[in-house]
Amino acid sequence: MSEFELIRRYFTRATPSALLGVGDDAALLQVSAGHVLAVSSDMLVCGTHFFADADPYLLGHKALAVNLSDMAAMGAAPRWATLAISLPRVNEAGVDEIWLERFSAGFFALAQLYGVELVGGDTTAGPLNLSVTIMGEVPQGVALQRNGAQLGDEIWISGTLGDAALALAHLQKRIILSETEFSACALALHQPQPRIALGLALRGMANSAIDISDGLLADLGHILDASNVGAHLDFSLLPTSAHLSAHLRSPLGKQCVLAGGDDYELCFTASADRHAELLLLSEQLDLPLTCVGTIVAQRGCVVQDAQGDLIHFEKGGYEHFR
Ligand code: ADP
Ligand code: MG
């Protein structure tokens, strides 16, 4: 199959909202009046972000999901994506037409769910590598940024934390989970659900936001640095699944919650006046929103347990070049 046949077969779908989609030297896109373009790229590298034998359908989902998560964190409505994909020569490393079919199905299923159109990309031979660029729009002046946290803001987290990291720990044989525990946690690892509806609802309500991709402490740390503030977190309030809660006494369980990564939940701050509104929003979205702490003037992040004792934590979060 030629490169062009491959693109036509697996990566070309209707793009009614683009002036021009796949097939020319560039796509042509029109942003809605009064809106700005939010653009972000996230790459999944074989061996770093996933194993070579990963289910291609789930990879297609995740490659887009991690990008949608960045749109959610900005309060942007996702519109378009491009996909740069480097593929081992067909039939090497398990990549063949069935792989492409499944990858494309996983990618487009999620794209369709959020009305995202694939408008271009690049296709080369090489080690398996998936890079998506997502484009979304947000009314001028209302994007959720990392630098807006205010003293006294409450710190909120969507969903639950740590399941993906716990599933990864199982795959890496650092812990042994039961079959049921693992399959529940593996869902979080392989099929994260981007919090788009939440991001849109937080426009004008949250003062700052970030998506948790590298672990709560690392990502909240970015908000704190950008906003020149600190945080008090109450460990006993951090939202966890029943599966993870059973491991909370162990250092590994604590690490999964505070520094696990791959959660793709939103961490945001909002004025305490918004508390009741946010609880209502949680009901409307059928998504847990949990207040876990406060923004304070003293720089750094203090984590206290239910007794008020400090939980010390080695610098958390996944960093590629450390
Ligand atoms: P060029 O050589 O001008 O860069 P390409 O041959 O790389 O163009 O790509 C041809 C067309 O196919 C372009 O419109 C490009 O955006 C699109 N394309 C290439 N790879 C992909 C892909 N993996 N997914 C979606 N569109 C793609
Ligand atoms: Mg090209």
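Note that the structure is a prediction, hence the values are computed from the model and not measured. We count ligands from 1, going down the list as the structure has it; atoms in each ligand are counted the same way. What you see below is based on every heavy atom in this structure, not just the backbone, and it leaves out hydrogens, waters and symmetry mates.
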Notebook entry, point to check: For ligand 1, which atoms, with element, lie under 4.0 Å from some heavy atom of Glu3?
Noted result: 6 (O)

Note to self: Only heavy atoms of Phe11, strictly under 4.0 Å: list the atoms of ligand 1 that pass.
What the structure shows: 22 (C), 23 (N), 24 (N), 25 (C)

Margin query: Under a 3.5 Å threshold, yes or no: a donor from one side chain and an acceptor from the other, between Asn207 and Thr269?
Written below: no

Item checked: Those atoms of ligand 1 less than 4.0 Å from some heavy atom in Asp24 -> 13 (C), 14 (O)

Check: Looking only at N/O atoms, are Gly23 and ligand 1 under 3.5 Å apart anywhere?
Finding: yes

Next item on the list: For Asp211 and Ser213, indicate whether the former's side chain and the latter's backbone hold a donor-acceptor pair under 3.5 Å.
Entry: no

Next item on the list: State the atoms of ligand 1, each with its element, that fall below the 4.0 Å cut-off from a heavy-atom position in Thr123.
Entry: 19 (C), 20 (N), 21 (C), 22 (C), 23 (N)

Note to self: If you define the side chain from C-beta out and look only at heavy atoms, does anything of Thr15 sit under 4.5 Å from Trp80?
What the structure shows: no

Checklist line | For Gly120, the ligand 1 atoms whose distance to one of its heavy atoms is below 4.0 Å | finding: 16 (O), 24 (N), 25 (C), 26 (N), 27 (C)

Note to self: For the backbone of Leu189 and the side chain of Gln191, can you confirm whether one donor and one acceptor N or O come within less than 3.5 Å of each other?
What the structure shows: no

Notebook entry, point to check: For ligand 1, which atoms sit closer than 4.0 Å to a heavy atom of Asp25?
Noted result: 3 (O)

Checklist line | Test item, Phe4 contacting ligand 1 (heavy atom, 4.0 angstrom) | finding: yes

Check: Would you say ligand 1 has an N or O under 3.5 Å from any N or O of Gly121?
Finding: yes

Item checked: Where ligand 1 meets Asp122 - atom numbers and elements under 4.0 angstrom, heavy-atom basis -> 7 (O), 19 (C), 20 (N), 21 (C), 23 (N)

Next item on the list: Begin with the C-alpha distance, continue with both residues' side-chain angles, and end with the deciding distance and a verdict on side-chain hydrogen bond (donor to acceptor under 3.5 Å, both in side chains) for Ser32 and Glu137.
Entry: CA-CA 8 Å; Ser32 307; Glu137 47 184 31; 2.6 Å; yes

Item checked: Donor-acceptor under 3.5 Å (Ser282 side chain, Leu278 main chain) -> no

Check: Which ligand 1 atoms are under 4.0 Å away from a heavy-atom of Ile85?
Finding: 23 (N)

Checklist line | Glu154-His275 side chain donor-acceptor pair, cut-off 3.5 Å | finding: yes

